[in-house]
Amino acid sequence: MRIYKTVVECGGFAAAEAELNISRSAISLAMSDLEQRLGLRLCQRGRTGFALTDEGAKVYDSTLQLLGSMETFRTQVNELHNHLRGELNIGITDNLVTMPYMRVTDALKSLHTLGPSVKINIRMIPPKDIELEVLDGRLHIGAVPELRPLTGLNYLSLYDELSCLYCSAEHPLFDFDQQQLDRKILSQQAAVLPAYAQTVAVKELMRDLKPAATSTDREGIAFLILTGQYIGYLPTHYAQRWVNEGRMRALLPEELHYSTAYAIITRKGARSNLVVKTFMDELQKTSID
């Protein structure tokens, strides 16, 4: 039946000969044997060329269904044996690798241990692109901020990310007495604002800043803060390296901060996939305590 499928798709014995890498006589013998077994004339062949009979066209459609079912059977049996094969395509928002709660990292480690032949493909792209690619199936999984949940996605909470307002050691406010610092002084400083989606509460918090630059990601914000000319909000885990080096400081952190909830997303109704299921199971085993 695989030979028959190839003959039909190649449009005749001659073209199928090269595709199957067997002789034309072997193909003819296999076709005759199949017709005898089925008790049907499947195709016309000869000087007039190759053409399917009506019965042959119906058998071809049934062949596709049968071979597809066999592949599904093979996949399901492999899953029963826990043979993890295939790919995991995951999209992640930028600059999460420094998050101290390494749930994604730990789950990826466990997945590799359980299925070393699984190929992991990571894309670092904006949250809205991650959502779209999970919805259309290009990504299996995404890690995004929970800003506006979409009805077509499942959400598994990861952790909350704390962000504070920062300046660099080159900025006049770095050595400014924190006791004398207030929002009025901060409102007079050039600020870099995010050009990506934020909640209403975060937008309200940033409304008092003096917009002088924008960035599409947190790395761009860090670049501008480090010039000494701008203040801006960064996640505390991401800014910590510069704080430890004495190159950044948080401004009024007790007052000016916000939290962003992050989640793992998958598409609702997506076909069962052992690789994805294993990753999600391992993710849920990890703890943020």
Side-chain angles (χ1 to χ4, degrees), residues 84 87-115 118 120-165 194-206 216-219 221 233-240 250 253-254 256-289:
L84 285 172
E87 298 186 352
L88 177 67
N89 300 317
I90 180 169
I92 303 178
T93 304
D94 68 305
N95 306 128
L96 289 185
V97 71
T98 51
M99 193 74 182
Y101 304 127
M102 299 176 66
R103 297 185 68 189
V104 173
T105 302
D106 291 343
L108 289 173
K109 177 182 177 181
S110 296
L111 178 63
H112 178 73
T113 300
L114 294 169
V118 173
I120 298 172
N121 304 307
I122 293 180
R123 296 187 61 200
M124 306 301 295
I125 52 179
K128 67 176 183 178
D129 293 337
I130 294 175
E131 292 172 335
L132 290 174
E133 294 196 20
V134 171
L135 284 170
D136 67 21
R138 282 178 287 171
L139 291 174
H140 296 118
I141 289 170
V144 298
E146 291 187 73
L147 300 179
R148 46 175 188 81
L150 302 180
T151 55
L153 298 173
N154 298 309
Y155 290 79
L156 172 67
S157 294
L158 277 177
Y159 37 59
D160 291 336
E161 177 188 72
L162 180 66
S163 293
C164 289
L165 185 65
Y196 44 86
Q198 296 288 351
T199 65
V200 173
V202 172
K203 290 180 180 178
E204 184 68 22
L205 184 63
M206 295 185 180
T216 58
D217 54 50
R218 281 92 71 88
E219 186 172 7
I221 293 175
Y233 280 92
L234 286 175
T236 55
H237 66 88
Y238 183 55
Q240 193 60 47
E254 295 82 8
L256 299 178
H257 63 267
Y258 65 88
S259 182
T260 303
Y262 274 81
I264 286 290
I265 57 173
T266 54
R267 181 166 59 91
K268 288 182 179 178
R271 185 177 178 180
S272 177
N273 181 314
L274 185 60
V275 172
V276 174
K277 181 180 183 302
T278 301
F279 175 82
M280 295 298 290
D281 288 345
E282 294 303 314
L283 188 70
Q284 293 179 75
K285 289 178 184 178
T286 60
S287 171
I288 63 173
D289 296 330

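Note that the coordinates shown come from a computational prediction; the quantities given were computed from them, not determined experimentally. Below, all heavy atoms of this structure are taken into account, side chains as well, without hydrogens, waters or symmetry copies.
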Minimal heavy-atom distance between Leu234 and Arg218, with the atoms involved, is CD2-O, 3.6 Å

Between Tyr258 and Lys203, is there a donor-acceptor pair closer than 3.5 Å when you use the side chain of the first and the backbone of the second?
no

Do the non-hydrogen side-chain atoms of Lys285 and Ser110 ever get within less than 4.5 Å of each other? no

### Message
With side chain to side chain contact (heavy atoms under 4.5 Å, CB included) as the criterion, how do Ile125 and Leu139 come out once you've worked through the C-alpha distance, each side chain's angles and the decisive distance to 0.1 Å?
### Response
CA-CA 11 Å; Ile125 52 179; Leu139 291 174; 4.2 Å; yes

Quiz item: Can you check salt bridge (charged side-chain N to carboxylate O under 4.0 Å, His left out) on Asp281 and Lys277, steps first, answer last?
Solution: CA-CA 6 Å; Asp281 288 345; Lys277 181 180 183 302; 2.9 Å; yes

*Note, Arg123 side chain near Asn89 side chain (heavy atom, < 4.5 Å)*: no

Taking the side chain as C-beta and beyond, is there a heavy-atom pair between Leu108 and Leu88 under 4.5 Å?
yes

CG of Asp136 to CZ of Arg138, rounded to nearest 0.5 Å, is 4.0 Å

Tightest non-hydrogen contact, residues Pro145 and Thr260, listed as CB-CG2, 3.6 Å

Output for pair (Leu256 CG, Leu165 CG), nearest 0.5 Å, gives 6.0 Å

Do Val118 and Phe279 have side-chain heavy atoms sitting under 4.5 Å apart? no

(request) Give a yes or no answer on whether the side chain of His257 reaches the backbone of Cys164 with a donor-acceptor pair at less than 3.5 Å. (result) no

In this structure, CG of Asn121 is separated from NE2 of His140 (nearest 0.5 Å) by 9.0 Å

Under 3.5 Å, is there a donor-acceptor pair between the side chain of Thr93 and the main chain of Ala143? yes

So Glu133 and Leu135, do their side chains get closer than 4.5 Å, heavy atoms only?
no

On a heavy-atom basis, the closest approach of Tyr196 and Ile221 is OH-CD1, 3.7 Å

**Asked** Is Glu146 close to Ser157 at the side-chain level, that is, under 4.5 Å between some pair of heavy atoms?
**Response** yes

In this structure, CZ of Arg148 is separated from OG1 of Thr199 (nearest 0.5 Å) by 13.0 Å

task: Under the side chain to side chain contact (heavy atoms under 4.5 Å, CB included) rule, what do Leu283 and Arg103 come out as? Steps first, then yes or no, please.
output: CA-CA 6 Å; Leu283 188 70; Arg103 297 185 68 189; 4.1 Å; yes

Here the pair of heavy atoms bringing Ser259 nearest to Asp160 is OG-CB, 3.4 Å

Worksheet item: Less than 4.5 Å apart, any side-chain heavy atom of Asn273 and any of Arg271?
Response: no

Tightest non-hydrogen contact, residues Ala263 and Tyr155, listed as CB-CD2, 4.0 Å

ask   = Where the side chain of Ser163 meets the backbone of Tyr233, is there a donor-acceptor pair that is under 3.5 Å apart?
value = no

Partner of Ile141 under side-chain contact (heavy atoms from CB on, under 4.5 Å), picked from Val104, Ile130, Ile90, Ile92, is Ile90

Exercise for the section: For salt bridge (charged side-chain N to carboxylate O under 4.0 Å, His left out), just list the numbers for Lys128 and Glu131, CA-CA rounded to whole Å, side-chain angles, deciding distance to a tenth of an Å, and then say yes or no. Expected result: CA-CA 5 Å; Lys128 67 176 183 178; Glu131 292 172 335; over 6 Å; no

Worksheet entry | Close side-chain approach of Pro126 and Thr216, heavy atoms under 4.5 Å | no

Rounded to the nearest 0.5 angstrom, the NZ-OG1 distance for Lys268 and Thr151 is 6.5 Å

Interatomic distance, CE@Met280 vs CG@Leu156, rounded to 0.5 Å, equals 5.0 Å

